[in-house]
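Below, chain A is the first sequence line, B the second, and so on; all start at residue 1.
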Amino acid sequence: MPELPEVERARALIERRALGREIAAVDDTDTYVCRPHAPGELAEALTGRRLVSAHRQGKAMWIETDGGPSLGLHLGMAGRIVVDDAAAGDPKRDGPGGHRPVWDRFTLTFADGGHLILRDKRRLGRAVLDPDLGGLGPDAAEIGRDAFRERVGRGEAPLKARIMDQGVLAGVGNLLADEALWRARLDPRRPAGSLDADELDHLRRVIRAATRRAIARGGVHTGDVIPHRRRDGVCPRCGADMARATIGGRTTYWCSAEQGG
DNA sequence: AGCATTGTTTCACA
DNA sequence: TTGTGAAACAATGC
């Protein structure tokens with residue numbers, strides 16, 4: 001699930017439901033998710049604190065506490081935030097009638113008995129104290145025109161790789177990249193530095209619009225071209241075949257007619 | 001069995 | 001030194 005829209009929904013859930021509550025206990029025993037912390041380090045630092053505010057930049061999220069360290073949470077490839085058993089973003093429950101295992105990798109238990117849980121089927125999510133956000137570029141939903149031109153419109157790397165580079169622009173993942181480039185009718189293979197100012201301005205507006213739309217509708221999977229990202233898929237606008245290749249290390253689909261050969 | 005997966009980090013190489 | 005791309009990471013689903 002998690003790209004910028006899912007992370008923003010998780011952040012909003014925390015803001016709505018978890019702020020002001022006091023941490024009574026912490027389960028930080030998953031040493032991979034909590035790396036490089038040793039078990040007990042997060043518990044020691046967070047127990048007794050109250051959650052004060054919830055923030056996000058790109059796919060990185062963090063919670064400020066009253067006087068203590070901040071708590072960084074990253075959803076990785078498959079993570080979700082659950083507060084008191086209400087899932088963020090995805091209304092689907094675990095297995096109809098099944099006893100599916102629950103993948104709770106990090107848990108805050110509040111003094112009122114509720115919970116904030118990082119539930120992650122895989123274990124690529126992270127929970128760390130005072131996360132380092134220094135390497136992140138401007139948020140994809142907020143970046144201004146000049147910064148976008150300057151950061152995105154350079155280099156020989158494929159355009160798609162450029163907009164997915166979290167140090168250049170924070171928040172765009174594989175699906176949102178395909179959706180935005182399809183909406184902008186831009187070839188994902190083009191060198192980023194080959195775009196002119198008008199193309200860059202257009203791409204910026206499309207990325208921002210696609211991002212906000214995905215937040216409003218529940219996630220990146222609600223994009224128009226996402227259901228057609230499959231072998232033998234066709235463009236939902238023109239009906240041409242969807243092309244497929246690995247770009248920037250990720251499987252990429254684009255319209256063979258509207259976005260170049 | 002084998003391959004793919006909405007993310008990030010590390011390493012090799014030009 | 002910088003930029004780019006592949007592999008590793010963990011776990012699951014088709």
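In terms of phosphate contacts, A/Lys59 brings a side-chain nitrogen or oxygen within less than 4.0 Å of OP1 or OP2 of B/dG7. Under 4.0 angstrom from either OP1 or OP2 of C/dT12 there lies no side-chain N or O belonging to A/Arg122. Neither OP1 nor OP2 of C/dA10 sits under 4.0 Å from any side-chain N or O of A/Trp103. Between A/His221 and B/dT6 there is no side-chain N or O to OP1 or OP2 distance below 4.0 Å.
Straight-line distance between the P atoms of B/dT9 and C/dT12: roughly 23 Å, to the nearest whole Å. With both ends at atom P, the span from B/dC3 to C/dA7 equals 13 Å, rounded to whole Å.
Which of B/dG7, B/dA4, C/dT4 sits closest to the side chain of A/Arg231 comes down to B/dA4. Distance from the side chain of A/Tyr32 is smallest for C/dC9 among the nucleotides B/dT8, B/dT6, C/dC9.
Taking a pair as Watson-Crick or G-U with both hydrogen-bonding distances under 3.5 Å, the stems of three or more pairs touching DNA chain B are B:2-5 with C:11-14, B:7-14 with C:2-9.
No donor-acceptor pair closer than 3.5 Å links the side chain of A/Asp66 to the backbone N or O of A/Arg49. A donor-acceptor contact shorter than 3.5 Å links the side chain of A/His37 to the backbone of A/Leu129.
The side chain to side chain contact (heavy atoms under 4.5 Å, CB included) with A/Phe106 is formed by just one residue from the set A/Asp28, A/Asp30, A/Leu116; it is A/Asp28. Among A/Val168, A/Asp146, A/Ile163, the single residue meeting the side chain to side chain contact (heavy atoms under 4.5 Å, CB included) criterion with A/Arg151 is A/Val168.
Within residues 244-253 of chain A, the residues approached by DNA chain B to less than 4.0 Å at the level of any non-hydrogen atom are A/Arg250, A/Thr251, in residue-number order.
A/Pro5 comes within contact range of no nucleotide atom at all, as no heavy-atom separation falls under 4.0 Å.
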